[in-house]
Amino acid sequence: MMNRTEGHVTLVEILLVEDNPGDQRLTREALREGKIRNNLTIIEDGESAIEYLCNNPASLPDLILLDLNLPRKDGREVLQVIKNNDNLMRIPVVILTTSQAEEDIIRAYNLRANCYITKPIDFDQFIKVIKAIEEFWFTIVKLP
Amino acid sequence: MTETVQISDEAVLASFDQAPEAMIVSDAFTGCIVHANRSASELCGISFDVYPGLKRSDLYRSDASDQISRLLAGSNSDETAIFETSLKNDEREGACLEVKASLVHNSGKSFILEVLRDGTSDQLQLQDLRESEDRLNEALRLAGIGSWELDLCRNRIFWSPEVFSIFDIDREKFGASYEAFLNACHPDDRAAVNQAYKQSLKTGTPYSIDHRIVLPDGRIRFVHERCRTYYGDEGKPVRSIGTVLDITEKRLAEEELEKYRSHLELLVEERTAALKASNEELERFAYIASHDLQEPLRMVTSYLQLLEKRFKHLVDPDAAEFMNFAVDGAKRMKTLINDLLAYSRIGTKKKNFEPVDTVALVDEVLENLEISIAENKAVFIREPLPTVIADRSQLLQLFQNIIGNAVKFHAEKTPEIRIRSETDDAFFRFYIQDNGIGIDPQYFAMIFQVFQRLHGRNEYPGNGIGLSICRKIVERHGGTIGVESEPGRGTTFIFTISRSLK
């Protein structure tokens with residue numbers, strides 16, 4: 001699944017589902033600081049995200065960064081669709097949200113989110129978090 | 001052939017003499033007593049042998065001569081005359097002699113046979129009975145209790161005057177049957193009354209019921225009825241005797257009271273619901289506001305930082321300092337919002353009460369505060385503590401905030417913190433006592449309010465949310481929190497946890 005160029009640099013596909021342009025840009029900036037070369041696709045609402053994932057079986061992302069509060073279908077519904085779809089269920093989904101509410105956290109894990117991260121307010125912290133996500137999902141864990 | 005049994009005169013006379021009944025035989029025309037048996041002698045206190053020629057009229061105060069004459073005139077020898085009189089020599093008050101006289105013919109002569117019975121005690125008993133009945137009736141009348149009797153064999157009801165006045169029915173207009181009574185009951189209660197009475201007949205248990213009756217003019221009264229039924233030889237109910245009491249006033253007063261009570265309850269319920277709704281609204285508002293405030297705040301800090309990072313070399317030191325202040329302010333605001341969020345979440349969180357061993361809980365708090373305890377060399381004295389029903393994470397926060405404060409606000413000397421508890425019927429009461437800087441009593445109320453601080457940030461760090469959270473947690477556990485202190489003499493926080501939580 002991972003889109004690798006033999007013997008060369010790694011280019012990973014990341015899907016960001018996020019409606020706030022400020023956050024979109026911040027994530028892009030943070031990813032730019034990271035070591036791993038990536039191709040970032042941004043989708044702004046839940047319904048489009050589901051459509052995108054279901055209609056492009058040939059080019060699925062390697063990682064999904066999912067916000068919870070989205071227009072139309074929210075992140076929880078997107079998560080539910082992904083984790084109940086045979087083609088999508090193995091894609092790691094990182095919930096990246098402002099919510100610290102315990103209910104949100106529990107619900108996300110119940111829906112089988114791979115991890116839940118509250119966006120730090122500090123930009124340097126945010127960069128650290130994004131780097132950690134990259135590091136963990138693209139170099140440490142083994143994925144199919 | 002029939003055999004005639006001859007009985008000698010002697011035998012007849014002997015049995016007459018031995019008979020337990022007192023009997024006197026006298027000449028029908030002269031009234032002279034010709035024979036009296038032994039029982040008669042005993043009853044009359046006279047030896048008749050000694051007084052030959054004694055007449056009936058000498059014996060009785062009144063000899064009922066009219067009745068005797070009628071007997072003599074009558075053709076039917078089976079006829080008897082019954083009368084009451086008394087013996088002339090009987091001085092007892094209320095003395096009574098019951099006499100049953102009949103005509104006997106023998107050898108062409110007519111005799112009067114009289115059987116005597118002392119009815120004095122009967123008479124007295126009857127009089128007593130009448131008197132006590134009168135007293136009872138008077139008592140019933142005074143109490144407004146009507147009495148009734150239903151003859152089940154004939155389906156006849158007897159009502160005392162009080163019943164008539166309770167039912168407000170004229171004696172002539174009342175059908176005096178069970179059906180007539182049922183008819184006077186309120187239509188909605190009729191079936192229940194009938195059922196209750198029939199049930200009591202069947203089970204033999206006394207009948208007792210409150211029901212409504214409708215007076216002839218349409219007014220409604222409440223009555224309380226009770227009765228007991230008497231049964232015949234074959235277990236068949238024969239008659240019911242009962243009472244009826246007008247409880248209309250009592251009932252109306254009760255209804256009025258009930259109306260006030262339910263109205264009051266409704267009011268309280270409404271107010272409570274309104275209060276609860278507004279509280280929930282407020283908590284939801286605080287939650288949403290603080291949650292939604294985070295997004296723009298994060299934008300402010302993040303982009304300020306990004307600006308600093310990318311263009312620091314382009315701005316002068318003043319601009320850099322200004323950016324620092326802006327970032328710092330935004331970060332502090334973020335903490336405040338988080339505190340507010342934590343505070344509002346205490347109330348919105350689902351209740352999750354379970355048994356919590358507070359000894360283990362305090363141990364966990366001390367572990368969590370390990371660094372600060374070690375830094376300040378705090379000493380703890382923990383007395384035995386109970387197991388309570390509580391939300392464990394909230395209780396942990398409660399103890400941690402108070403113990404944390406006790407460690408934080410220490411004086412010069414080594415901090416010594418004592419944790420103990422008391423238990424009464426309704427509450428577990430916890431005492432957390434320190435020997436720290438103390439609090440001026442004028443600030444006691446203030447310290448439990450949100451974002452109220454008594455010290456500068458440089459002196460003691462903190463946002464002033466800790467004790468407000470404590471109060472909210474305690475209140476959520478049905479308790480109260482308070483403080484006892486004097487500046488320089490340490491502080492004791494006292495809080496209670498309800499024992500009736502589930």
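When reading the values below, keep in mind they use all heavy atoms of this one structure, side chains included, and skip hydrogens, waters and symmetry mates. In what follows, every chain begins at residue 1, and chains take the letters A, B, ... in the order their sequences are listed.
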Using heavy-atom distances under 4.5 Å, tell me whether A:D124 contacts chain B through its side chain, its backbone, both, or neither.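 Backbone plus side chain of A:D124, per the 4.5 Å heavy-atom cut-off to chain B.
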
Contacting moiety of A:D23, where chain B heavy atoms sit under 4.5 Å: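 Both the backbone and the side chain of A:D23 come within 4.5 Å of chain B.
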
Check this for me: [X], atom [atom1], are more than 12 non-hydrogen atoms of other residues, nucleotides or ligands nearer than 6.0 Å?
X	atom1	result
A:R107	CZ	no
A:Y109	OH	yes
B:E370	CD	no
B:L314	CG	yes

Check side-chain hydrogen bond (donor to acceptor under 3.5 Å, both in side chains) between B:R310 and all other residues, then give those that pass, not counting sequence neighbours.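 Result, side-chain hydrogen bond (donor to acceptor under 3.5 Å, both in side chains) vs B:R310: A:E29.
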
Taking only residues at least two apart or on different chains, which pairs with a member in residues 317-327 of chain B satisfy side-chain hydrogen bond (donor to acceptor under 3.5 Å, both in side chains)?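 Sorted pair list comes back empty.
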
To the nearest 0.5 Å, what is the distance between OG1 (A:T118) and CG (B:N338)?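 The OG1 atom of A:T118 sits 9.5 Å away from the CG atom of B:N338.
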
Could you state the interatomic distance from CE (B:M299) to CZ (A:R25), rounded to the nearest 0.5 Å?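 The distance works out to 12.0 Å.
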
Residues of residues 70-80 of chain A under 4.5 Å from chain B (heavy atom pairs)?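 Listed by number, there are no contacting residues, so the answer is none.
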
Which residues satisfy the ring-ring contact (aromatic ring centres under 6.0 Å, His included) test with B:F409, sequence neighbours excluded?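 So B:F409 forms a ring-ring contact (aromatic ring centres under 6.0 Å, His included) with B:H455, B:Y460.
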
Engaged part of B:A342 at the chain A interface, taking heavy atoms whose separation is under 4.5 Å: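 Contact with chain A involves no heavy atom of B:A342 at all.
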
If you apply the rule side-chain contact (heavy atoms from CB on, under 4.5 Å), what do you find for B:Q305 with A:I127, and how did you get there? CA-CA 11 Å; B:Q305 284 179 306; A:I127 290 173; over 6 Å; no

Any side-chain heavy atom of B:L304 sitting closer than 4.5 Å to one from A:F123?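 No. Closest side-chain heavy atoms not under 4.5 Å.
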
